[in-house]
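Below: the structure, in structure tokens.
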Amino acid sequence: MGEDGYVAKEGGSVKKLLNDPANAVADSLAGFALAHADIIQVHHDPAYVTRVGGATTGKVGLVSGGGAGHEPLHTGFVGDGMLDVAVPGAVFTSPTPDQILPALQAADGGAGVLAIVKNYTGDVLNFDLAVELAETEGLDVATVLVNDDVAVEDSTYTAGRRGVAGTLCVEKIAGAAAQQGGDLADVTGVAHRVVDNVRSMGVAVTACTVPHVGAPSFDLPGDQLEIGIGIHGEPGRRRVKAVPADEVTQMLLDPVADDLELSAGERVLLFVNGMGGTPASELYVVYGRARRLLEQRGVTVARSLVGSYVTSLEMQGASVTVLRLDDELAALWDAPVHTAALRW
Amino acid sequence: MGEDGYVAKEGGSVKKLLNDPANAVADSLAGFALAHADIIQVHHDPAYVTRVGGATTGKVGLVSGGGAGHEPLHTGFVGDGMLDVAVPGAVFTSPTPDQILPALQAADGGAGVLAIVKNYTGDVLNFDLAVELAETEGLDVATVLVNDDVAVEDSTYTAGRRGVAGTLCVEKIAGAAAQQGGDLADVTGVAHRVVDNVRSMGVAVTACTVPHVGAPSFDLPGDQLEIGIGIHGEPGRRRVKAVPADEVTQMLLDPVADDLELSAGERVLLFVNGMGGTPASELYVVYGRARRLLEQRGVTVARSLVGSYVTSLEMQGASVTVLRLDDELAALWDAPVHTAALRW
Amino acid sequence: MTLDADWAERWIRRTADTVAGRRDELTELDRQIGDGDHGENLVRGFRAVVAKLDARDGQDGATEAAGPRLVGDVLKLTATTLMSTVGGASGPLYGTAFLRAAKVTGRESIDTRAVVAMLESALEGITVRGKATPGEKTMVDAWTPAVDAAAQAASEGGDEAAVLRAAAAAAAAGATATIPLVATKGRASYLGERSAGHEDPGARSTALLLGAAVEALAERSA
Amino acid sequence: MTLDADWAERWIRRTADTVAGRRDELTELDRQIGDGDHGENLVRGFRAVVAKLDARDGQDGATEAAGPRLVGDVLKLTATTLMSTVGGASGPLYGTAFLRAAKVTGRESIDTRAVVAMLESALEGITVRGKATPGEKTMVDAWTPAVDAAAQAASEGGDEAAVLRAAAAAAAAGATATIPLVATKGRASYLGERSAGHEDPGARSTALLLGAAVEALAERSA
Ligand SMILES: Nc1ncnc2c1ncn2[C@@H]1O[C@H](COP(=O)(O)OP(=O)(O)O)[C@@H](O)[C@H]1O
Ligand SMILES: Nc1ncnc2c1ncn2[C@@H]1O[C@H](COP(=O)(O)OP(=O)(O)O)[C@@H](O)[C@H]1O
Ligand SMILES: [Mg+2]
Ligand SMILES: [Mg+2]
Ligand SMILES: [Mg+2]
Ligand SMILES: [Mg+2]
């Protein structure tokens with residue numbers, strides 16, 4: 001299997017800048033640790049990433065995690081004003097309880113820990129197990145499930161909406177609340193407010209290839225777009241013939257804005273996220289259109305973020321995230337953050 | 001031609017998140033302007049990007065430019081501590097004199113202007129024409145050519161070495177020197193010091209597709225890597241069978257370090273740059289290996305940068321840049337910068 | 001032909017071999033309606049269990065050497081190892097299944113009634129964790145018929161081999177029967193109608209797991 | 001059959017049509033040894049020149065209406081427009097070429113000696129800007145034989161048509177002759193040996209440009 005990661009296979013080219021794909025996550029974490037030694041520390045076996053200095057006494061600890069392959073989420077968001085600990089699993093596979101438990105412990109500064117979990121069965125089950133164990137060891141843990149993906153109907157017919165790019169907003173804003181000294185109830189409350197007010201939807205222009213799989217995560221004909229994708233290379237809800245960016249953007253923005261029931265006069269954060277393989281120049285085309293569509297609804301874009309922050313390996317595509325803002329959320333978004341991937 | 005940008009063509013899939021590819025650069029700039037109105041302003045016809053507020057009186061103005069498709073270079077580097085004005089041409093095509101001339105004028109705060117030009121015939125000829133015109137209008141302009149790409153032999157048998165990712169180092173450090181009040185001679189001198197001490201080399205894992213071309217910029221078999229590529233989708237110097245990232249990294253780092261004649265005890269900045277379509281996780285694998293190779297040479301990596309900053313559209317691949325540091329260059333690198341793409 | 005710790009260990013080792021051999025098949029199923037990692041997840045997990053068993057038995061894996069042990073010990077080791085190495089949805093699910101199964105098999109050998117109890121407990125664990133009911137296109141759709149068939153075989157006086165064979169056959173049939181279903185749990189549910197027409201990877205791996213239990217017994221008594 | 005401003009304008013308009021029609025061919029050549037934009041660059045540039053000519057002549061392009069003008073005016077408009085719209089290496093190069101050519105054609109009509117001077121000046125402008133010498137696999141390798149052939153034809157008493165035909169034929173041959181060359185100027189030089197075996201896109205576009213000059217005259221005298 002040692003070759004799968006970087007040579008072509010029938011399944012499709014999986015050439016990547018990797019060594020043994022079985023060690024892809026560990027190799028990458030090792031380089032990440034060297035590049036950002038001023039901000040983070042990497043713990044190996046089990047793998048998790050902590051802020052240099054570790055937990056801050058008296059501060060609520062923030063932990064998030066999930067499958068690798070979404071970088072910079074979550075490891076790139078560890079640092080002042082955001083996460084205390086991030087727990088990466090294998091590519092697109094949630095971390096295991098024996099990783100999550102020490103991660104929760106490492107984040108505890110005596111004021112309790114908030115676990116930010118993207119709503120996928122795997123992540124939920126593994127975090128549940130770990131939180132149960134942590135609680136039996138006397139740790140005070142609250143959990144918030146992020147489920148911002150409007151592509152999935154939130155009904156008894158699904159595992160519930162997925163957590164996608166909106167997760168960044170939860171981590172940034174809850175992180176600021178914790179940094180400012182909120183207690184576990186406050187920070188959890190703010191996190192829930194973000195979850196209640198953030199929605200996202202994504203499109204894939206190309207699929208991505210998981211190193212050890214060696215074939216694209218789905219087969220997308222050359223003239224088709226996959227609308228409503230998740231961030232694990234899952235196929236989307238429907239396929240459409242490729243159309244101009246303005247139309248694609250509308251297919252993403254309208255469901256998001258409708259689901260939020262945005263009304264004229266409201267202020268929002270507009271976050272256009274790249275899936276990993278899309279050039280920044282295209283993301284700004286999408287951003288420009290999404291912004292015009294929001295303005296046509298009388299909605300004011302008061303904050304913006306454009307870039308590849310919640311990715312699916314090298315997938316080409318983008319997602320549009322809208323967060324309804326109030327003064328407190330806006331202030332917490334503006335609060336200083338100092339991480340490998342997000343800094344102001 | 002309106003369809004070329006986003007539907008599949010025989011030449012290969014050119015699905016992109018674009019509208020009419022003929023307007024790709026303008027569309028993207030429009031979104032960029034909206035997203036970063038706190039940092040930059042976009043002037044259309046002719047197109048160039050200035051810092052909000054424009055030229056700073058008494059400060060040396062910094063201008064750079066070149067073909068679009070390398071974002072965030074150069075437009076993403078306009079802001080306090082870096083560029084005053086950036087001039088984007090069409091995709092992979094240098095801007096024209098009638099764009100560059102007003103850009104030079106817009107950057108002039110009375111202390112003269114430094115033009116940072118990547119060494120490509122097209123960029124050099126167009127900037128030459130514009131500088132000639134600017135000088136006849138009494139503007140004081142100095143030019144520095146960036147030619148950090150060791151993949152090209154610097155001989156009478158070539159147009160000379162290309163300017164690639166090292167350009168970011170020149171723009172950041174010269175920008176800091178200008179911000180700190182250096183005069184045109186000082187700033188130009190610092191820029192030349194960076195050029196003299198920075199080298200790069202890149203690899204392509206996949207080619208990229210220029211929207212209006214519709215076919216990949218070169219044909220790269222599924223099991224091959226293109227070593228020594230430029231940033232315009234030019235083919236590289238040679239092709240090798242795909243090998244693990246550690247070997248690829250050595251093929252890039254060794255020529256760079258050798259050409260710099262790095263000796264044990266020296267301090268460097270190590271910059272691993274993504275070509276646009278490569279996930280951050282892979283860049284960190286390359287970074288980790290490059291750093292170990294430098295340390296084996298007794299060289300200390302004192303500063304680091306990892307990310308997709310000097311790109312070729314959606315090309316998958318990476319480049320390794322090494323800048324020999326002295327205390328002044330390190331301090332100028334550390335100086336505050338506030339741009340859309342680089343901030344600390 | 002008794003079902004003892006030796007059989008249990010052969011069962012787990014065989015499962016490890018089977019999922020390794022069927023890795024690409026499981027991956028492909030998960031690629032169709034999930035995220036393409038189910039094969040890799042199970043290979044990683046069972047490889048880790050085998051490593052733990054080897055460590056315990058000595059590298060030669062000569063299980064006889066280890067003397068009398070409890071069926072439940074093997075299943076408990078399997079449970080904790082899967083939980084800590086698989087990740088994804090299937091990790092906690094299979095982990096909990098083996099943990100519950102271990103609880104009712106804390107003996108040197110188990111009879112047909114215990115086999116049925118073991119399978120019932122496993123299914124119960126999966127349901128408690130995953131909250132899935134039959135027909136939601138998950139591994140539950142393989143475990144449920146397996147439990148029923150085992151109980152049926154036992155009540156008809158079948159021996160351990162007959163009971164396990166019945167369970168394995170029913171699991172395989174149940175897995176195939178997931179093909180037309182529309183998923184309402186797990187990743188596949190995101191696809192809505194598009195999930196129909198594909199076999200559920202976890203149901204398939206369940207069939208492989210129970211099939212290995214039969215082979216382990218046959219191998220043993222051979 | 002005189003070479004006047006009307007001819008010059010037809011020449012430029014024909015060139016615009018030709019590069020538009022051959023856009024993909026030029027692009028493909030540049031894709032092989034450059035960056036694949038030469039076709040697009042010239043299409044963009046000459047389309048802009050035509051727009052300026054239209055604006056000046058009135059939308060119908062009825063050039064006759066405009067009364068007597070100088071050949072040099074058309075070439076100067078072409079020069080400045082190419083410089084400000086093409087970008088890339090070919091923009092300043094063709095721009096400078098037309099600027100120099102305009103300087104020696106400031107008349108209502110030009111004779112064969114002026115045609116030769118025009119081509120010589122164009123080549124001179126390209127060489128001054130680009131510092132390329134013959135054999136470096138650039139447009140210079142099309143312009144150089146074109147100039148020589150034109151001078152030869154003129155000295156042999158050929159008329160304007162004969163001189164232009166000679167130049168165009170020699171440019172085409174010169175472009176083809178760039179195929180085996182290893183580039184030492186421009187983007188193609190980055191390829192080193194790998195640049196051999198491909199025709200230089202700028203040399204090819206030069207051949208198209210001079211070919212259009214012949215067609216414009218034929219069309220005129222038709
Ligand atoms: N809620 C659930 N209850 C029971 N089984 C489930 C549930 N969710 C998922 N599964 C099973 O897990 C399998 C997928 O496992 P795996 O691919 O390893 O994890 P993940 O879906 O996290 O990638 C599915 O095929 C299904 O059989
Ligand atoms: N120094 C030079 N002198 C003369 N012609 C040159 C020189 N450099 C490049 N060229 C010509 O320019 C052509 C490429 O033009 P184009 O593709 O439009 O610009 P770019 O190379 O900037 O993309 C080459 O085919 C060559 O004929
Ligand atoms: Mg998974
Ligand atoms: Mg070009
Ligand atoms: Mg899966
Ligand atoms: Mg070109």
Side-chain angles (χ1 to χ4, degrees), chain A residues 5-8 13 15-20 24-25 27-32 34-36 68-69 71-72 76 203 205-206 221-223 225 241-246 248-249 276-289 291 301 304 306 308 311 313-314 316-318 341 343-344, chain B residues 5-8 13 15-20 24-25 27-32 34-36 68-69 71-72 76 203 205-206 221-223 225 241-246 248-249 276-289 291 301 304 306 308 311 313-314 316-318 341 343-344:
Chain A
Y6 52 89
V7 309
S13 169
K15 271 185 304 176
K16 287 172 184 286
L17 294 172
L18 296 176
N19 297 307
D20 181 345
V25 175
D27 283 357
S28 183
L29 279 176
F32 183 73
L34 290 168
H36 303 291
E71 290 72 20
V203 59
V205 174
T206 65
D223 62 344
L225 299 175
K241 193 164 182 335
V243 290
D246 281 357
V248 178
T249 304
T278 293
S281 53
E282 295 181 28
L283 299 181
Y284 284 110
V285 173
V286 172
Y287 173 87
R289 172 63 168 173
R291 179 158 176 153
V301 175
S304 299
V306 180
S308 294
T311 64
L313 297 171
E314 80 285 6
Q316 288 176 42
R343 186 183 301 197
W344 59 69
Chain B
Y6 52 88
V7 309
S13 169
K15 271 185 304 177
K16 289 173 184 286
L17 294 171
L18 296 176
N19 297 306
D20 181 345
V25 175
D27 283 357
S28 184
L29 279 176
F32 183 73
L34 291 169
H36 303 290
E71 290 71 20
V203 59
V205 174
T206 66
D223 62 343
L225 299 174
K241 193 164 181 337
V243 290
D246 280 356
V248 178
T249 303
T278 293
S281 51
E282 296 180 28
L283 299 181
Y284 284 110
V285 173
V286 172
Y287 172 87
R289 172 62 170 173
R291 179 158 175 153
V301 175
S304 298
V306 181
S308 294
T311 64
L313 296 172
E314 79 285 7
Q316 288 176 41
R343 186 184 300 197
W344 58 70

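Naming: A, B, ... by sequence-line order, numbering from 1 per chain. The basis for the numbers below is simple: all heavy atoms, side chains too, and nothing from hydrogens, waters or symmetry mates.
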Should A:L18 and B:E282 be marked as a side chain to side chain contact (heavy atoms under 4.5 Å, CB included) after you check the CA-CA gap, both sets of side-chain angles, and the distance that decides it?
CA-CA 6 Å; A:L18 296 176; B:E282 296 180 28; 3.9 Å; yes
For [X], is it the side chain, the backbone, both, or neither that has a heavy atom closer than 4.5 Å to a heavy atom of chain B?
{"X": "A:Y287", "result": "side chain"}
{"X": "A:A68", "result": "neither"}
{"X": "A:A30", "result": "neither"}
{"X": "A:S281", "result": "both"}

Looking only at heavy atoms, which two atoms of [X] and [Y] are closest? And how far apart?
{"X": "B:A245", "Y": "A:L17", "result": "CB-C, 3.4 Å"}
{"X": "A:A280", "Y": "B:E71", "result": "CB-CB, 4.4 Å"}
{"X": "A:P244", "Y": "B:N19", "result": "CB-OD1, 3.3 Å"}

Tell me, do B:D223 and A:K15 make a side-chain contact under 4.5 Å, heavy atoms counted?
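Sidechains of A:K15 and B:D223: no contact.
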For the interface with chain B, which of A:V248, A:T249, A:D246 has the highest count of heavy-atom pairs at distances below 4.5 Å?
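With the most close heavy-atom pairs to chain B, the winner is A:D246.
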Taking the ring centre of each residue, are B:Y284 and A:H36 less than 6.0 Å apart?
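Here the rings of A:H36 and B:Y284 have centres that are less than 6.0 Å from each other.
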Nearest 0.5 Å, please: how far is OG1 in A:T206 from NZ in B:K16?
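It comes to 10.5 Å.
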Which atoms of B:S28 are under 4.5 Å from chain A, going by heavy atoms: the side chain, the backbone, both sets, or neither?
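Contact with chain A involves both backbone and side-chain atoms of B:S28.
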Chain A contact via B:R291 - side chain, backbone, both or neither, heavy atoms under 4.5 Å:
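Looking at B:R291, just its side chain touches chain A.
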At a heavy-atom distance under 4.5 Å, which candidate from B:G76, B:S304, B:P279 has the highest pair count against chain A?
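Heavy-atom pairs under 4.5 Å are most numerous for B:P279.
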